[in-house]
Amino acid sequence: TYVVTDECIKCKYTDCVEVCPVDCFYEGELMLVINPDECIDCGVCEIECPVKAIKPESAELIDWIEKAKFFSGKWSNITIKKPPLPDADKYKDEKNKFEKYMQ
Ligand code: SF4
Ligand code: F3S
């Protein structure tokens with residue numbers, strides 16, 4: 001699977017959703033996740049994200065994949081691009097946003 005990581009939080013540029021051939025992005029208040037059970041590993045979304053939040057699966061991203069499994073069961077599917085969150089440009093370079101804003 002590909003996985004959305006910390007950079008997405010409080011930004012949500014949503015360029016990623018329109019290119020996914022299987023429509024497997026799900027939207028929370030502060031970020032999107034990819035449903036790992038639906039992603040077909042095509043990789044086309046990776047280059048669409050302006051803040052490089054989307055990465056291929058790797059051992060160090062296991063926690064993010066677990067979060068994605070959990071949240072994709074709770075959040076709604078998103079397939080159409082929409083405006084980013086209002087302060088996206090302010091938060092795009094901040095680190096450890098999950099710890100600060102999502103727990
Ligand atoms: Fe969708 Fe392909 Fe990205 Fe997976 S890698 S989320 S299938 S665009
Ligand atoms: Fe998030 Fe990047 Fe998509 S910021 S909504 S993963 S384009």
Side-chain angles (χ1 to χ4, degrees):
T1 188
Y2 277 64
V3 59
V4 180
T5 59
D6 207 66
E7 288 86 347
C8 183
I9 295 169
K10 287 179 89 73
C11 294
K12 282 207 294 191
Y13 289 100
T14 73
D15 302 81
C16 52
V17 303
E18 299 226 331
V19 299
C20 181
V22 295
D23 293 342
C24 64
F25 283 90
Y26 292 79
E27 183 185 16
E29 196 184 336
L30 298 180
M31 74 176 292
L32 266 51
V33 292
I34 292 166
N35 183 335
D37 297 326
E38 295 175 344
C39 174
I40 57 168
D41 273 341
C42 71
V44 298
C45 57
E46 185 180 10
I47 54 165
E48 297 296 323
C49 178
V51 290
K52 301 191 184 327
I54 304 176
K55 289 148 191 148
E57 179 171 3
S58 70
E60 67 224 33
L61 295 178
I62 290 294
D63 285 352
W64 284 104
I65 295 167
E66 289 302 316
K67 287 178 184 110
K69 272 187 198 159
F70 178 75
F71 288 127
S72 58
K74 297 187 164 276
W75 294 350
S76 300
N77 192 230
I78 172 170
T79 60
I80 312 240
K81 181 174 163 61
K82 61 188 213 178
L85 289 175
D87 290 324
D89 291 344
K90 181 173 139 196
Y91 287 106
K92 70 180 164 55
D93 298 319
E94 192 169 326
K95 305 290 178 207
N96 302 315
K97 291 186 279 185
F98 189 87
E99 286 75 10
K100 287 180 196 156
Y101 305 118
M102 290 187 66
Q103 62 180 17

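One is the number of the first residue; the rest follow in order along the sequence. Since the model is a prediction, treat every value here as computed from it, not as a measurement. Atoms within a ligand are numbered from 1 in the order they appear, just like the ligands themselves.
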**Q** Give the atoms of ligand 1, by number and element, whose distance to some non-hydrogen atom of Gly43 is under 4.0 Å.
**A** 2 (Fe), 5 (S)
**Q** Looking only at non-hydrogen atoms, find the nearest pair between Gly43 and Tyr2 and report the distance.
**A** CA-CZ, 3.5 Å
**Q** Before giving the answer on side-chain contact (heavy atoms from CB on, under 4.5 Å), spell out for Asp89 and Tyr13 the whole-Å C-alpha distance, their side-chain angles and the decisive distance to 0.1 Å.
**A** CA-CA 10 Å; Asp89 291 344; Tyr13 289 100; 2.8 Å; yes
**Q** Give the C-alpha distance, both sets of side-chain angles, the deciding distance and a yes or no for side-chain contact (heavy atoms from CB on, under 4.5 Å) between Ile80 and Glu18.
**A** CA-CA 6 Å; Ile80 312 240; Glu18 299 226 331; 3.7 Å; yes
**Q** Under 2.8 Å from atom 2 (Fe) of ligand 1, can any N, O or S atom of Cys42 be found?
**A** yes
**Q** For a side-chain contact (heavy atoms from CB on, under 4.5 Å) check, start with the C-alpha distance between Ile65 and Glu57, then their side-chain angles and the critical distance, and finish with the verdict.
**A** CA-CA 8 Å; Ile65 295 167; Glu57 179 171 3; 3.5 Å; yes
**Q** Please write down residue, atom name and distance for the protein heavy atom closest to atom 4 (Fe) of ligand 1.
**A** Cys39 SG, 2.3 Å
**Q** Pairs in or reaching into residues 38-52: which pass side-chain hydrogen bond (donor to acceptor under 3.5 Å, both in side chains), with residues at least two apart or in two chains?
**A** Tyr26-Glu38
**Q** Tell me the protein heavy atom at minimum distance from atom 3 (Fe) of ligand 1, and give that distance in Å.
**A** Cys45 SG, 2.3 Å
**Q** Please tell me if the side chains of Lys97 and Cys11 come closer than 4.5 Å, counting only heavy atoms from C-beta onward.
**A** yes
**Q** Using a strict cut-off of 4.0 Å, indicate which atoms of ligand 1 neighbour a heavy atom of Tyr2.
**A** 5 (S)
**Q** Given the rule in the side-chain contact (heavy atoms from CB on, under 4.5 Å) test, do Phe25 and Val4 qualify, once you have shown the distances and angles that lead to the verdict?
**A** CA-CA 9 Å; Phe25 283 90; Val4 180; 4.0 Å; yes
**Q** For atom 7 (S) of ligand 1, what's the nearest protein heavy atom and its distance?
**A** Ile40 N, 3.4 Å
**Q** Heavy atoms only, cut-off 4.0 Å: how does Ile34 contact ligand 1, side chain, backbone, both, or neither?
**A** side chain
**Q** List every atom of ligand 1 that sits less than 4.0 Å from any heavy atom of Cys24, numbering the atoms from 1 in the order shown and giving each element.
**A** 1 (Fe), 6 (S)
**Q** Closer than 4.0 Å to some heavy atom of Pro21 - which atoms of ligand 1 meet that?
**A** 8 (S)
**Q** Give me the one residue out of Lys95, Lys55, Lys12 that meets salt bridge (Lys or Arg N to Asp or Glu O under 4.0 Å) with Glu7.
**A** Lys55
**Q** Should Cys24 and Ser72 count as side-chain neighbours, where that means a heavy-atom distance under 4.5 Å?
**A** no
**Q** Starting from atom 1 (Fe) of ligand 1, which protein heavy atom do you reach first, and at what distance in Å?
**A** Cys20 SG, 2.3 Å
**Q** Can you classify the ring geometry of Trp64 versus Phe98 as parallel (below 30°), tilted (30 to 60°) or perpendicular (above 60°)?
**A** perpendicular
**Q** Hey, which atoms in ligand 1 end up nearer than 4.0 Å to a heavy atom of Val22?
**A** 7 (S)
**Q** Would you mind listing which atoms of ligand 1 come within a distance below 4.0 Å of any non-hydrogen atom of Val44?
**A** 8 (S)
**Q** Should Phe70 and Val33 be regarded as members of a common hydrophobic cluster, given that ILVMFWY residues are connected when their side-chain heavy atoms come within less than 4.5 Å of each other, either directly or indirectly?
**A** yes
**Q** Quick one: name the protein N/O/S atoms under 2.8 Å from atom 1 (Fe) of ligand 2, chain by chain.
**A** Cys8 SG
**Q** Assess whether a salt bridge exists between Glu94 and Lys10, defined as any Lys/Arg side-chain N lying under 4.0 Å from an Asp/Glu carboxylate O.
**A** no
